[in-house]
There are 2 protein chains.
Amino acid sequence: MARKLSTLDPQRLDNQICFAVYSAAHAFNRVYKPLLDRLGLTYPQYLVMLVLWERDDVPVKDIGEKLFLDSGTLTPLLKRLEAAHLVKRTRSSEDERQVLIALTPQGHALKEKARSVPQSILAASECSVSELVAMKDEIVALRDRLNAVIGE
Amino acid sequence: MARKLSTLDPQRLDNQICFAVYSAAHAFNRVYKPLLDRLGLTYPQYLVMLVLWERDDVPVKDIGEKLFLDSGTLTPLLKRLEAAHLVKRTRSSEDERQVLIALTPQGHALKEKARSVPQSILAASECSVSELVAMKDEIVALRDRLNAVIGE
DNA sequence: TCACATTTAATTGTTCGCAATTGAATGTGC
DNA sequence: GCACATTCAATTGCGAACAATTAAATGTGA
């Protein structure tokens with residue numbers, strides 16, 4: 001009976017989905033680390049490169065909206081990517097408030113080197129693609145509901 | 001057809017479960033923030049308090065194993081909790097290498113004030129308890145598989 | 001006993017992540 | 001056209017997160 005109560009106690013760490021998500025994010029990060037080290041990227045930098053590989057020459061704000069990050073995070077990160085010669089930052093001539101982020105040739109070339117990353121992650125997760133897709137969709141739906149609550 | 005290809009492209013941001021987990025963790029953090037501000041805690045500090053509310057007077061290492069965090073993260077965090085008079089750090093007399101973390105009366109008392117936090121999160125997630133429990137179990141299983149790969 | 005490895009926490013340095021503020025550029029309402 | 005608000009990036013300050021190293025305490029084998 002005491003056991004049953006404790007498994008239902010919402011204040012117990014093991015019962016909290018949020019801790020599951022938090023600790024899973026760290027676990028993913030640790031799996032990615034050796035793969036991304038070879039590319040000279042951190043995980044958030046890799047996310048920015050994924051955005052840019054999809055579409056280039058975009059303002060900082062667009063990147064922030066896709067990744068849910070603000071300029072306080074992105075400005076220094078993008079400066080590091082620029083220092084690594086992967087992107088170029090230029091003020092937009094139409095709207096001088098915006099800084100446009102464009103890939104350099106090296107930045108474009110890195111996409112090929114990064115091609116094997118997702119399948120390495122898939123292998124590490126020891127899960128079928130369809131299971132992962134289902135989980136991903138559930139987590140995204142939860143995330144979007146949470147973000148909707150924040151936006152109120 | 002082009003659409004179908006892009007929904008299967010593993011190099012696309014939207015197709016990556018890791019980004020789903022990463023961004024969901026941040027969304028949770030933003031929901032927790034106003035709730036925890038009232039308690040004077042950050043989310044990682046709240047996790048440490050959850051551990052201590054379950055069992056008190058434990059070495060730093062035990063906390064680290066439960067939260068998957070190392071001393072580089074925990075030492076300064078615990079010093080901040082000590083500065084806030086929520087915990088006390090004392091060297092173990094049996095094993096002088098260990099630092100034992102104990103709750104102060106204020107630390108114990110905070111548990112009552114924190115009691116409403118989980119249900120606020122539940123409300124924000126707009127999800128049934130059973131759905132959340134199922135998701136949590138899936139995510140924990142994935143996390144544990146990832147951590148097993150790292151340990152090799 | 002004594003050399004040696006292991007365990008544990010602390011420290012240092014780098015990178016995120018975000019709140020709050022600043023300052024410049026742009027848009028608006030009158 | 002001009003005061004005013006809004007938008008956008010940059011900056012500052014603080015708190016994680018982790019790799020790598022250090023130093024002290026403990027355990028182990030010969």
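Atoms considered below: every heavy atom in the structure, side chains included; atoms not considered: hydrogens, waters and symmetry mates. Chain A is the first sequence line, chain B the second, and so forth, proteins listed ahead of strands; every chain is numbered from 1. It should be emphasised that the depicted structure is a prediction, and the values quoted were computed from it without experimental measurement.
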Is the phosphate of dT26(D) approached by Gln98(B) (side-chain N or O, under 4.0 Å from OP1 or OP2)?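 For Gln98(B), the contact criterion (side-chain N or O under 4.0 Å from OP1 or OP2 of dT26(D)) is not met.
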Any Gln45(B) side-chain N or O less than 4.0 Å from OP1/OP2 of dG15(D):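 No.
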[atom1] of [X] versus [atom2] of [N]: gap in Å, rounded?
X: Leu41(A); N: dT14(C); atom1: CG; atom2: P; value: 19 Å
X: Ile63(A); N: dC8(D); atom1: CD1; atom2: P; value: 14 Å
X: Ile101(A); N: dC8(D); atom1: CD1; atom2: P; value: 14 Å
X: Leu36(B); N: dG15(D); atom1: CG; atom2: C1'; value: 14 Å
X: Asp37(B); N: dG15(D); atom1: CG; atom2: P; value: 12 Å
X: Arg89(A); N: dC8(D); atom1: CZ; atom2: C1'; value: 13 Å
X: Leu74(A); N: dC16(C); atom1: CG; atom2: C1'; value: 10 Å

Is any side-chain heavy atom of [Y] closer than 4.5 Å to one of [X]?
X: Phe28(A); Y: Gln16(B); answer: no
X: Arg89(B); Y: Leu100(B); answer: no
X: Glu65(A); Y: Lys61(A); answer: yes

Could you tell me if Gln119(B) and Ser116(B) have a donor-acceptor pair between their side chains, going purely by distance under 3.5 Å?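 Result is no, nothing qualifies.
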Quick check on the helix from dT1(C)-dA30(D) to dC30(C)-dG1(D): what's the angle between its two end axes, five base pairs per end, to the nearest 10°?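 Here the local axes at opposite ends form an angle of 20°.
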If you take all heavy atoms of [X] and [Y], which pair is closest and at what distance?
X: Val87(B); Y: Leu78(B); answer: CG2-O, 3.9 Å
X: Arg115(A); Y: Gln11(B); answer: NH1-OE1, 3.5 Å
X: Gln45(B); Y: Gly40(B); answer: OE1-O, 4.0 Å

Is it true that Asp62(A) and Lys66(A) make a salt bridge, defined as a side-chain N closer than 4.0 Å to a carboxylate O?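 So Asp62(A) does not pair with Lys66(A) through a salt bridge.
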Verify ring pair (Phe, Tyr, Trp, His ring centres under 6.0 Å) between Tyr22(B) and Tyr43(A), making sure each step is shown before the conclusion. CA-CA 10 Å; Tyr22(B) 169 90; Tyr43(A) 182 66; 5.4 Å; yes
If the plane angle is over 60° it's perpendicular, under 30° parallel, otherwise tilted; pick one for Trp53(B) and Tyr46(B).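 If you compare the ring of Trp53(B) with that of Tyr46(B), the planes turn out perpendicular.
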Among dA9(C), dA9(D), dT15(C), which nucleotide sits nearest the side chain of Thr42(A)?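 My answer, after comparing the listed nucleotides, is dT15(C).
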Between dC8(D), dA10(C), dA17(D), which nucleotide gets closest to the side-chain atoms of Pro44(B)?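 When the side chain of Pro44(B) is considered, dA17(D) is the closest of dC8(D), dA10(C), dA17(D).
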Mapping Tyr22(A) and Asp62(A) onto DNA chain D by nearest heavy atom, which one lands closer to the 5' end?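 First, find each residue's nearest nucleotide; the 5'-ward one identifies Asp62(A).
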Test of understanding: clusters of I, L, V, M, F, W, Y form through side-chain heavy atoms closer than 4.5 Å, transitively. Do Leu142(B) and Val140(A) belong to the same one?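 No, separate clusters.
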Do any of residues 76-88 of chain A sit with a heavy atom less than 4.0 Å from DNA chain D, and if so which?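 Per residue number, the list reads Lys79(A).
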From the options Leu52(B), Leu41(B), Leu39(B), Leu103(B), select the one residue that forms a side chain to side chain contact (heavy atoms under 4.5 Å, CB included) with Leu86(B).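 The residue from Leu52(B), Leu41(B), Leu39(B), Leu103(B) that satisfies side chain to side chain contact (heavy atoms under 4.5 Å, CB included) with Leu86(B) turns out to be Leu41(B).
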Where along nucleotides 18-26 of chain C does protein come under 4.0 Å, by heavy atom, of base (B) or sugar-phosphate alone (S), with - for untouched nucleotides? BB-----BS
